[in-house]
Amino acid sequence: MKMLIAVIKPFKLDAVREALADIGVQGMTVTEVRGFGRQKGHTELYRGAEYTVDLLPKIKLEVALAPDMVERALDAIQKSAKTGQIGDGKIFVYDLDQTVRIRTGEAGVDAV
Amino acid sequence: MKMLIAVIKPFKLDAVREALADIGVQGMTVTEVRGFGRQKGHTELYRGAEYTVDLLPKIKLEVALAPDMVERALDAIQKSAKTGQIGDGKIFVYDLDQTVRIRTGEAGVDAV
Amino acid sequence: MKMLIAVIKPFKLDAVREALADIGVQGMTVTEVRGFGRQKGHTELYRGAEYTVDLLPKIKLEVALAPDMVERALDAIQKSAKTGQIGDGKIFVYDLDQTVRIRTGEAGVDAV
Amino acid sequence: MKRLIVAALAAAPGVAGAQEIDGGNTAWILTSSALVLFMTLPGLALFYGGLVRAKNVLSVLMQCFAICCATTVLWVLFLYSLAFAEGGPLIGGLGKAFFAGVEEGTVSGSIPETAFAMFQLTFAIITPALVVGGFAERMKFSAMLTFSALWSILVYAPVCHWVWAGDGWLFNLGLLDFAGGTVVHITAGVAALVAALVLGKRQGFPTTPMLPHNMTMTVTGAAMLWVGWFGFNGGSALAADGNAAMAILVTHISAAAGATAWAIIEWLRYGKPSALGTVTGMVAGLGTITPASGFVGPGGALVIGLLAGVLCFNATNFLKRKLGVDDSLDVFPVHGVGGILGTLLAGVFASSALGAFSGQGYAEGMTMTSQMGVQVLGVLATLSYTAVVTWVLLKLVGAVMGLRVTAEEESSGLDTAQHNERGYDLSI
Amino acid sequence: MKRLIVAALAAAPGVAGAQEIDGGNTAWILTSSALVLFMTLPGLALFYGGLVRAKNVLSVLMQCFAICCATTVLWVLFLYSLAFAEGGPLIGGLGKAFFAGVEEGTVSGSIPETAFAMFQLTFAIITPALVVGGFAERMKFSAMLTFSALWSILVYAPVCHWVWAGDGWLFNLGLLDFAGGTVVHITAGVAALVAALVLGKRQGFPTTPMLPHNMTMTVTGAAMLWVGWFGFNGGSALAADGNAAMAILVTHISAAAGATAWAIIEWLRYGKPSALGTVTGMVAGLGTITPASGFVGPGGALVIGLLAGVLCFNATNFLKRKLGVDDSLDVFPVHGVGGILGTLLAGVFASSALGAFSGQGYAEGMTMTSQMGVQVLGVLATLSYTAVVTWVLLKLVGAVMGLRVTAEEESSGLDTAQHNERGYDLSI
Amino acid sequence: MKRLIVAALAAAPGVAGAQEIDGGNTAWILTSSALVLFMTLPGLALFYGGLVRAKNVLSVLMQCFAICCATTVLWVLFLYSLAFAEGGPLIGGLGKAFFAGVEEGTVSGSIPETAFAMFQLTFAIITPALVVGGFAERMKFSAMLTFSALWSILVYAPVCHWVWAGDGWLFNLGLLDFAGGTVVHITAGVAALVAALVLGKRQGFPTTPMLPHNMTMTVTGAAMLWVGWFGFNGGSALAADGNAAMAILVTHISAAAGATAWAIIEWLRYGKPSALGTVTGMVAGLGTITPASGFVGPGGALVIGLLAGVLCFNATNFLKRKLGVDDSLDVFPVHGVGGILGTLLAGVFASSALGAFSGQGYAEGMTMTSQMGVQVLGVLATLSYTAVVTWVLLKLVGAVMGLRVTAEEESSGLDTAQHNERGYDLSI
Ligand SMILES: Nc1ncnc2c1ncn2[C@@H]1O[C@H](COP(=O)(O)OP(=O)(O)O)[C@@H](O)[C@H]1O
Ligand SMILES: Nc1ncnc2c1ncn2[C@@H]1O[C@H](COP(=O)(O)OP(=O)(O)O)[C@@H](O)[C@H]1O
Ligand SMILES: Nc1ncnc2c1ncn2[C@@H]1O[C@H](COP(=O)(O)OP(=O)(O)O)[C@@H](O)[C@H]1O
């Protein structure tokens, strides 16, 4: 099993979710995060002083899937999350040792 | 060292924490996340229109532990987090390369 | 590629970010989490009843980097996040299979 | 309520040609009506809403709103009449049902009767809304609404008539209850306690901490209650005069004293005073001065407020921690105990013979002893009547439609379960 | 607005030696001014602010604030004069520009003219602020401000003059509009609809759900609107008398009835009543009773409120779901439709021949038929004039500076894009 | 404060049989008392609370609450007497300590003395509460409370007596300070500045951005301040008359002008106007018009507001960015500078010889030159007296119990450190 982490722009969440559903991904976990990267932050104004806020709101998706799904998932995310502008985000993939569905105790591919 | 990620129902947090403490787990990190899976979302009403909200509040636990603790931890979480109803969540396990305690610089098993 | 997860005290975020920037780290993802460990929680008062709140606010950093950067990054975080008091946090490192930049499709070291 | 004016009005509103509308008094009662409505919406709704968990916040706001709407409709239909029309010593008649005979020109005392009816309606709204705190986080909306409507008719209207109508039996015994120690606070407090007992504890109580989800909301609501209470007690003079001004001054003093007392106790006992403790003490001070506010002076108010803070603090701990009763938002120990204490102390500090602690004096023929007898009787009658009728109503409603949400709904929260909504979505 | 008083004031404020300031009336109008300002800030700002997504909350608060400030400055310069100074049947003159001749001692009816001007200013503020709901989440701040200022001058001031000035043509036809069914609610509702059409839909509408980011904020704002409306309708009597008191009572009843109706429809249709539905019904009830509030009785108010809830519910669904018009916060179906309904029903329930549903009766020489003719004319004139001028203004402003933010700004949110600020940062 | 009325009351409240309570005036002052209390709780508390970081929000709300309670208790004990009882030119006597001789029937001018005392109490509450902004996010609660109590006694009461009591020296020199430019805003602003200097900067200032944690809260509080200020300035007429109405109108105009000026400067300088800038300019406009509000006209108010926005903007930047003084919430540049500016401009725009910018004219025997002399003297006296006494008090309190929380407490936040509470827990 593989775990895929995607950091994307918040307003792309719906599109990415649909793209993943289309290729058969049935579950994922979503976290609100803030990202720091090449994308410039915005300026905030505070009673006549300007501050640069570098940390921008992003959405992190965690998707566990069978190894043979990884390429398609990478593809689906890339297509649906891309705007072409700086800040589109990253995808990371790593190996899972074990996967368990709490409700049934099923493990591995059956668990996701 | 192993890292164990459990996604559970929010109201089970206390129970799971106690179950893990009982088997000797001393630390963990908790994140509020939203989950998407087989569990149906709820309907929301907005001035006479109904929307389905698929993303449900979940709690994500991250627990680093010695490899020999993994089985017991899996067991403890499964028992304490289970309601038997759809949406109970998942547990994922992966390998850690390194673990460091910032305060002391201790590494590996001593660090968790 | 390696992924480094650091759980630190919230008010250390700026310091750690600067320390990482100094050694050339260009991106990271930040999550607000709550931590449970050796550090005692604080007491909360509620109409004459005292409760202990064990889960303390922490910041989780996720940083993907080239393997040869890991030592320097560990060092930078440890130095900048350390107060010497219980609760300073942990750093975990694990292996990444793949890394992709959504905007360009670049992979591996070029993607971070 | 100012006794003479109520008497006058109960006797013959709008009839005597001698009665004329006074612009100053009318301006003040209209303002007071706005202030007391403001106490419930948004005041009390926010005060309570902040104290529950985030998953239940809308259910509490919704309950306060729905009670306001339902009571208003009932008020027009017959509730005002039951409370204030001529009837017997126990309940008013139906002579004013659907506001029969209440026109723009109808005068009540020195104000339009519509102003009087509007002002009183805001009291009829806040009383069942206070009860919400007793069953918060677990009651079904439908059951809540049915119960509250019946309770307004069978508890609020009669007790209001007893105490404030010209032919009410407690009124005629000379009970001192200026703005609702019995009518509002004892009835609400007792009903909340009975509801807490009949519905049972929330899942996890008392082991799981159920901390306020938004203390800034609670403090905001508390502040609005304080401001609105100027209309509650000051408006009960039914005039813009020295009686109203003194009522406001003593109300304010008692609020400050109650807050101070509660904060000091916490400081001594836990080493730190809390914001929640401070505002709870303030509400205790306000509830307690309410029946006494038109009768006592600044010195009396200081004592009343301090006692309120001390007694309500201990009552809260005793009920919740010792007895383990899950009156979710502590309505009984704050409003019930405060209402009892205040009704009794009104009988003491009304006296004009207490030097710097004197009040405005007793009615002719009354002494402290005789007055205290009436006060005790008023307290006991209100308390026992409310307890019995509330219990019966809850059992009835429970039998017909069930009182509690399911365990699953309770754990996922009443907002989505009962209203298909969530309080907050700060993510986008 | 009370007709006779307005007539008196329009004729010769501050001239006749016989006119004297009445303290009670003045107290009430000053209070009412505070209440109506409170409706916009923070009331409406919170009501609207809670309904948008978190990334746009400040833009909405800012729009309400900026409109308040700009209208105030214009009011001093010449807007008050255009609305209320002697002029023709269509618009006032410039005789009172820069408040010429309006001194501390100038009397208008029985109150200082400054009090009248202040009270009316709060109406001139809330009207364009209501329009904000139509173009929320996508309009440029600069365009919004320019448009709103021009709209106040070219729509609000004339219509206000038509209806409430002694020489206004609708006033002289005898239009019944006590507190602004035409002047406030129809103008605002129609302008919001036109703005929604001219600006076009928000990105993602209607497929992406755009749920309220903070329902507790919306409920709080709604409650403040309810309380403030006591000043809106009650203050429009320009006196603290039976007319004001009855106006407040019927206002309150209609709010409760509107909320009840909307909640019941939801309950029947979706199985659950929602907090948002309840407060929306309440606002519908308030908007609808507004033109009628000084003319009808409690029975009429109950009917008006119920009809408002039912009709505005259906209008909202029809416009948004059927027609797909993105009037973001449903200003037209609630205020526009409510304003039309209320102006028409004022002509019905003012009748003194409806038994328990009677109102205060028609002016001499008027019958229900003749009155309804005037009401229909008033509605049509306001509606069509507002639609045309609003459309022209938006096209003009759009041509000069563009109306919408860029797509990028819209998706990242107006708060950072237009104001360099964020609503919340709860992380530290 | 209206000069003649204060004179009358200072001379012999409640004594002369000729004095009678006026219902309209009383209604207005009771309402104003509620409005001014509303300014502090929840208004100012929210305005300030939103500006600090989430970890300190409750500490700010708690400080405002605690100051309200402590001042109220002191007011009853002897503070009212020190401020308003007959005494010398520098301070009142103890003749009214514990409200001796102040009964329901006691008259002050045309209102009950209890109404006057209540109204004034709300001023005595908000003044030290304003100071909170100077030392926010770092002061110990115990030290804060001790300091604030002593400051009320040693700064507020004397300055109040100088300016508003019939035997106060500035009063008798003819200082124009209608509602507290010197008494409220200069004292608070200067005290905040001194506190900021004595306590030192917050950890991380000025490198770490310390952005508002909840701008919606701040905007809400600002709106409440605006509404409440109608009572602050309008109530200072102590009557519901043309003076009150004009005071409210000019107050409203100046608020709008101040907001407009600040927003325009930001727009020009940074390309975008911010919500925080707008509401800060509004508060500057309100603070600045305060001393002038009973004396100037609409034209003067427009100028005063615009100047307030421009000057306070620059003062904020100069103090915080250039001098690096950490007056956390900018109390001095907004209230101190505004209070000084307003007190001086009152001397200008009171003139009846400025055409469209005229005010109500000077007292007999006064010219603009002589009046300006008095105004300058009043400003200097208040400023220097406040600075010295505040500094001494802080040094004293610091020596006895320490002023600041520990570094650890400061970084973890005052809410848990000082009150064992957290502002928000939206997770469950
Ligand atoms: N090395 C990294 N480790 C973890 N997250 C990263 C890393 N680099 C970027 N990110 C995440 O990806 C987001 C987008 O990165 P950014 O450099 O702004 O844009 P782009 O990838 O399009 O060049 C960041 O906001 C951050 O959340
Ligand atoms: N493939 C997956 N990857 C990551 N998280 C998942 C995945 N599948 C499920 N989850 C998480 O587990 C939660 C429960 O899953 P769900 O399918 O609803 O119930 P169950 O596991 O009981 O069948 C989801 O809400 C989601 O947070
Ligand atoms: N085994 C663990 N797995 C995951 N996170 C942990 C673990 N132990 C500690 N943490 C995280 O590290 C934080 C600090 O740990 P703590 O034991 O309090 O201090 P210290 O590491 O200085 O002894 C915790 O709050 C928690 O977020």
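In what follows, chains carry the letters A, B, and so on, assigned in the order in which the sequence lines appear, proteins first and then strands, with residues in each chain numbered from 1.
- Using a 4.5 Å heavy-atom cutoff, the side chains of E:F230 and D:M118 are in contact.
- Closest approach of D:G23 and E:A240 over heavy atoms only: O-CB, 3.5 Å.
- At least one side-chain heavy atom of D:F38 sits under 4.5 Å from a side-chain heavy atom of E:F38.
- At a heavy-atom cut-off of under 4.5 Å, chain D is reached by E:A356, E:F357, E:Q360 from residues 351-362 of chain E, listed in order of number.
- Between E:P298 and D:F98 there is no side-chain heavy-atom pair separated by less than 4.5 Å.
- The contact between E:W267 and chain D is made entirely by side chain atoms (from C-beta outward), counting heavy-atom distances below 4.5 Å.
- In plain terms, the two heavy atoms of E:H252 and D:C68 that are nearest each other are CE1-SG, 4.3 Å.
- In terms of the side chain to side chain contact (heavy atoms under 4.5 Å, CB included) criterion, residue partners of E:T416 (sequence neighbours excluded) are, by chain and number, A:H42, E:S412, E:R422.
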Identify each donor-acceptor pair in which a side-chain atom of residues 277-285 of chain E lies under 3.5 Å from a protein atom, sequence neighbours left out, and give them as a table.
unit_1	atom_1	unit_2	atom_2	d
E:T278	OG1	E:S274	O	2.7
E:T280	OG1	B:R47	NE	2.9
E:T280	OG1	B:R47	NH2	3.4
E:T280	OG1	E:L276	O	2.6

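- Chain D forms more heavy-atom pairs under 4.5 Å with one residue of E:A275, E:G231, E:A247, E:G413 than with any other, namely E:A275.
- Looking only at heavy-atom pairs under 4.5 Å with chain E, the residue among D:A117, D:S142, D:C64, D:A100 that has the most is D:S142.
- Among the candidates E:M217, E:R53, E:K55, the residue making the largest number of heavy-atom pairs closer than 4.5 Å to chain D is E:K55.
- Most heavy-atom pairs under 4.5 Å with chain D: of the set E:A259, E:G24, E:P273, this distinction falls to E:P273.
- For the pair E:E266 and D:H419, the minimum side-chain heavy-atom distance is 4.5 Å or more.
- Within the 4.5 Å cutoff, the side chain of E:L249 has heavy atoms near those of the D:F99 side chain.
- Looking at heavy atoms from C-beta onward, E:M215 lies out of side-chain contact with D:D415 at the 4.5 angstrom threshold.
- Considering every non-hydrogen atom in both E:T216 and D:L61, the closest pair reads CA-CD1, 3.9 Å.
- If you measure heavy-atom distances from D:Q418 to chain E, the contacts under 4.5 Å come from the backbone alone.
- Residues E:V227 and D:A34 come closest through the heavy atom pair CG1-O, 3.7 Å.
- The two atoms that bring E:M246 and D:V102 nearest to each other are CE-O, 3.8 Å, heavy atoms only.
- In plain terms, the two heavy atoms of D:T72 and E:I253 that are nearest each other are CG2-CA, 3.9 Å.
- Neither the backbone nor the side chain of D:I111 comes within contact range of chain E; no heavy atoms are under 4.5 Å apart.
- The contact list for residues 42-51 of chain D toward chain E, using heavy atoms and a distance under 4.5 Å, reads D:P42, D:L46 by residue number.
- Note: D:D22 CG to E:D241 CG = 12.0 Å, rounded to the nearest 0.5 Å.
- Between E:W226 and D:F65, the ring planes lie tilted relative to each other; the angle falls in the 30° to 60° range.
- Heavy-atom pairs under 4.5 Å with chain E were tallied for D:V73, D:L41, D:I21, D:L30; the largest tally goes to D:L30.
- Note: D:C69 leads D:S33, D:C69, D:P112 in heavy-atom pairs under 4.5 Å with chain E.
- Within the model, atoms OG1 of E:T31 and CH2 of D:W28 stand 9.0 Å from one another, a figure rounded to the nearest 0.5 Å.
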